[in-house]
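What's counted below: heavy atoms across the whole structure, side chains too, no hydrogens, waters or symmetry copies.
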Amino acid sequence: MTEPSEPKPRIIRRQVDGVLLLDKPVGLSSTQAMAAAKRLFRAEKAGHTGTLDPFATGLLPVCFGEAAKFSRFLLDAEKSYRATLKLGEVSQTGDTEGDIIRARDVVVTRAQIDEVLKTFLGPQSQTPPMHSAVKQAGVPLYKLARQGLEVPRTPRQITIFTISPVSLNGVEMVIDTKVSKGTYIRVLAEDIGEALGCGAHLTALRRTKSGGVDIARAVSLDALAAMTEAERDAILLPAQSLCADLPTMVLSDEDTRIFCNGGWISAQPRDTHASTPFAIYDGGSRFLGVGEVVVSEATHGKPRLIPMRLMATGATASQLTPTP
């Protein structure tokens, strides 16, 4: 008779606030990688900023506690990737997850690649792939694709800010690119292959930067597991690291009091351009949250700074990044 196994010890959760720069491994979904980090930190609340496919690796910022309030500002940020393309083969999904459906000879030169990559720079429309989480009538496209269905998709406006070749080794090409929110690198790889006349699919993808945070400071799950809890806590970035790409605004003591209580305060007309969110600090470089300057009937046509997201727990002086 088999003896019953002992139940796993219950994890005692704790309040953790901050941003973990996780180097996601291949084979895990973003949600699985986040859950593993959450267990190691014993955090009560966690979320991530931007999904990476299971076969992709690299920078996955994980937001704990108060930092989760500001995750959208990194979700909307520009992102950089190193992508590996296999020329001459087109896959069903645009990457290694699908079967190869077409093969062609590869006859390209480095000069041709340089010229083709230049044509992808700038604003453009891109149609989401069928194998994606975009929903159609409430159903993710990948579920329809698994049923052998293909439905019309609405193109999205994206921007390719930079794209450059890193290496060409036979039929394997490596590129670096910086793109706007919502860009599918799988689709970009397919489009590059078509432009070269040989087809291509993505065989590896690594996110290297997201907004103002970089892969150089990221840590792996294995490295986290080898740390003490105090060492893990010490590598967390403050919530304002998610807002590193936002312009900043420093408030007076009186305006700080009003803003932190959800009130509107006067803003300068020069701050009204493009309705850009601002990272808000007090005179002592304490991060207060994110606000937006608006001009509307409600503000009687005058520019007013209104809170979008406010810090609740605050931060110690040692955790704060000085305001530029």
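- Salt bridge annotation for Asp114-Arg110: present, with a cationic side-chain nitrogen under 4.0 angstrom from a carboxylate oxygen.
- Two different hydrophobic clusters hold Val187 and Leu196 under the rule that ILVMFWY side chains link at heavy-atom gaps under 4.5 Å.
- Taking CD1 of Ile280 as the reference point, atom CG of Leu305 lies at 4.5 Å (rounded to 0.5 Å).
- Contact detail for Gln126 and Tyr184: the closest heavy-atom pair is OE1-N, 2.8 Å.
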Check the pair Arg72 / Asp76 against salt bridge (charged side-chain N to carboxylate O under 4.0 Å, His left out), numbers first and verdict last. CA-CA 6 Å; Arg72 61 157 284 195; Asp76 294 343; 3.7 Å; yes
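- Of all the heavy atoms in Leu60 and Ala33, the pair that sits closest is CD2-CB, 4.2 Å.
- Here the CG atom belonging to Asp17 is positioned 11.0 Å from the SG atom belonging to Cys63, to the nearest 0.5 angstrom.
- Leu202 and Ala83 get closest at one heavy-atom pair: CD1-CB, 3.7 Å.
- Rounded to the nearest 0.5 Å, atoms CZ (Arg304) and CH2 (Trp264) are 9.0 Å apart.
- A donor-acceptor pair under 3.5 Å is absent between the side-chain atoms of Lys181 and the main chain of Leu75, judged by distance alone.
- Under the 4.5 Å side-chain heavy-atom criterion for ILVMFWY residues, no single connected hydrophobic cluster contains both Leu21 and Val62.
- Across every non-hydrogen atom of Gln32 and Leu28, the tightest pair is OE1-CA, 3.5 Å.
- Taken from CE in Met227 to CG in Asp233, the straight-line distance is 11.0 Å, to the nearest 0.5 Å.
- Side-chain atoms of Leu224 and Ser220, non-hydrogen and from C-beta on, never get closer than 4.5 Å to each other.
- Between the SG atom in Cys198 and the CG atom in Asp105 there is a gap of 9.5 Å [rounded to 0.5 Å].
- The side-chain contact (heavy atoms from CB on, under 4.5 Å) test applied to Ala195 returns Val116, Phe120, not counting sequence neighbours.
- Although no hydrogens or angles enter the test, the distance criterion places a donor-acceptor pair under 3.5 Å between the side chain of Thr208 and the main chain of Ser80.
- Formation of a donor-acceptor pair under 3.5 Å by the Glu231 side chain with backbone atoms of Thr228 is found in this model.
- Taking 4.5 Å as the limit, every side-chain heavy atom of Val250 sits out of range of all side-chain heavy atoms of Asp282.
- In summary, of the residues considered (Lys209, Arg82, Lys79, Arg207), a salt bridge (charged side-chain N to carboxylate O under 4.0 Å, His left out) with Asp176 occurs for Arg82 alone.
- Across Ile192 and Met173, no two heavy atoms sit closer than the pair CG2-CE, 3.9 Å.
- Residue Leu59 is not grouped with residue Val219 when hydrophobic side chains (ILVMFWY) are merged at heavy-atom distances under 4.5 angstrom, including chains of intermediate members.
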Validation: residues 45-53 side-chain donor-acceptor distances under 3.5 Å, sequence neighbours left out:
{"unit_1": "Thr49", "atom_1": "OG1", "unit_2": "Pro61", "atom_2": "O", "d": "3.4"}

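- Here Glu190 does not pair with Lys86 in a salt bridge; the nearest charged N to carboxylate O distance is not below 4.0 Å.
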Might you work through the side-chain contact (heavy atoms from CB on, under 4.5 Å) test for Ile100 and Gln92, ending with a clear yes or no? CA-CA 6 Å; Ile100 301 301; Gln92 190 176 31; over 6 Å; no
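- Environment of CZ in Arg14: crowded, with over 12 heavy atoms of neighbouring residues, nucleotides or ligands closer than 6.0 Å.
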Verdict with supporting geometry, Val106 and Arg104, side-chain contact (heavy atoms from CB on, under 4.5 Å): CA-CA 6 Å; Val106 179; Arg104 304 181 200 167; over 6 Å; no
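- When ring centroids are compared, Tyr281 and Phe259 stay outside the 6.0 Å threshold.
- Counting heavy atoms from C-beta outward, Gln124 and Ile158 have side chains that approach closer than 4.5 Å.
- The two residues Arg13 and Glu44 come nearest to each other via the heavy atoms CB-CG, 3.7 Å.
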Check against side chain to side chain donor-acceptor pair (under 3.5 Å), Asp95 and Thr93: CA-CA 5 Å; Asp95 56 25; Thr93 59; 2.5 Å; yes
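- With a 4.5 Å cut-off on side-chain heavy atoms, Phe70 and Val290 count as touching.
- When hydrophobic clusters are built by joining Ile, Leu, Val, Met, Phe, Trp and Tyr residues whose side-chain heavy atoms come closer than 4.5 Å, directly or via intermediates, Leu242 is not grouped with Phe41.
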Going through the distances and angles, do Leu20 and Ile235 end up as a side-chain contact (heavy atoms from CB on, under 4.5 Å)? CA-CA 7 Å; Leu20 168 69; Ile235 65 171; 4.0 Å; yes
Before you tell me yes or no, could you show the steps for Ile163 and Ile175 under side-chain contact (heavy atoms from CB on, under 4.5 Å), namely the whole-Å CA-CA distance, both residues' side-chain angles and the distance that decides it to 0.1 Å? CA-CA 7 Å; Ile163 185 168; Ile175 63 171; 4.1 Å; yes
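- Hydrophobic clustering keeps Leu237 apart from Met34 (ILVMFWY residues linked when any side-chain heavy atoms are closer than 4.5 Å, directly or through intermediates).
- Put simply, the side chain of Val19 does not reach to within 4.5 Å of the side chain of Leu236, judged on heavy atoms.
- Not a single donor-acceptor pair under 3.5 Å links the side chain of Glu194 to the backbone N or O of Asp191.
- Between Leu205 and Thr84 there is no side-chain heavy-atom pair separated by less than 4.5 Å.
- No donor-acceptor distance shorter than 3.5 angstrom exists from the side chain of Asp255 to the backbone of Leu251, with no hydrogens or angles considered.
- Annotation: the span from Arg309 atom CZ to Glu292 atom CD amounts to 11.0 Å, rounded to 0.5 Å.
- Taking the side chain as every heavy atom from C-beta outward, Ser91 and Thr96 never approach each other to under 4.5 Å.
- Looking only at distances, no side-chain donor or acceptor of Asp99 sits under 3.5 Å from a matching main-chain atom of Ile101.
- Between the side chain of Thr183 and the backbone N or O of Val179, no donor-acceptor pair lies under 3.5 Å.
- A 4.5 Å side-chain heavy-atom check between Ile113 and Val108 finds at least one atom pair inside the cut-off.
- Residues passing the side-chain contact (heavy atoms from CB on, under 4.5 Å) test with Thr57 are Val26, Arg206, sequence neighbours excluded.
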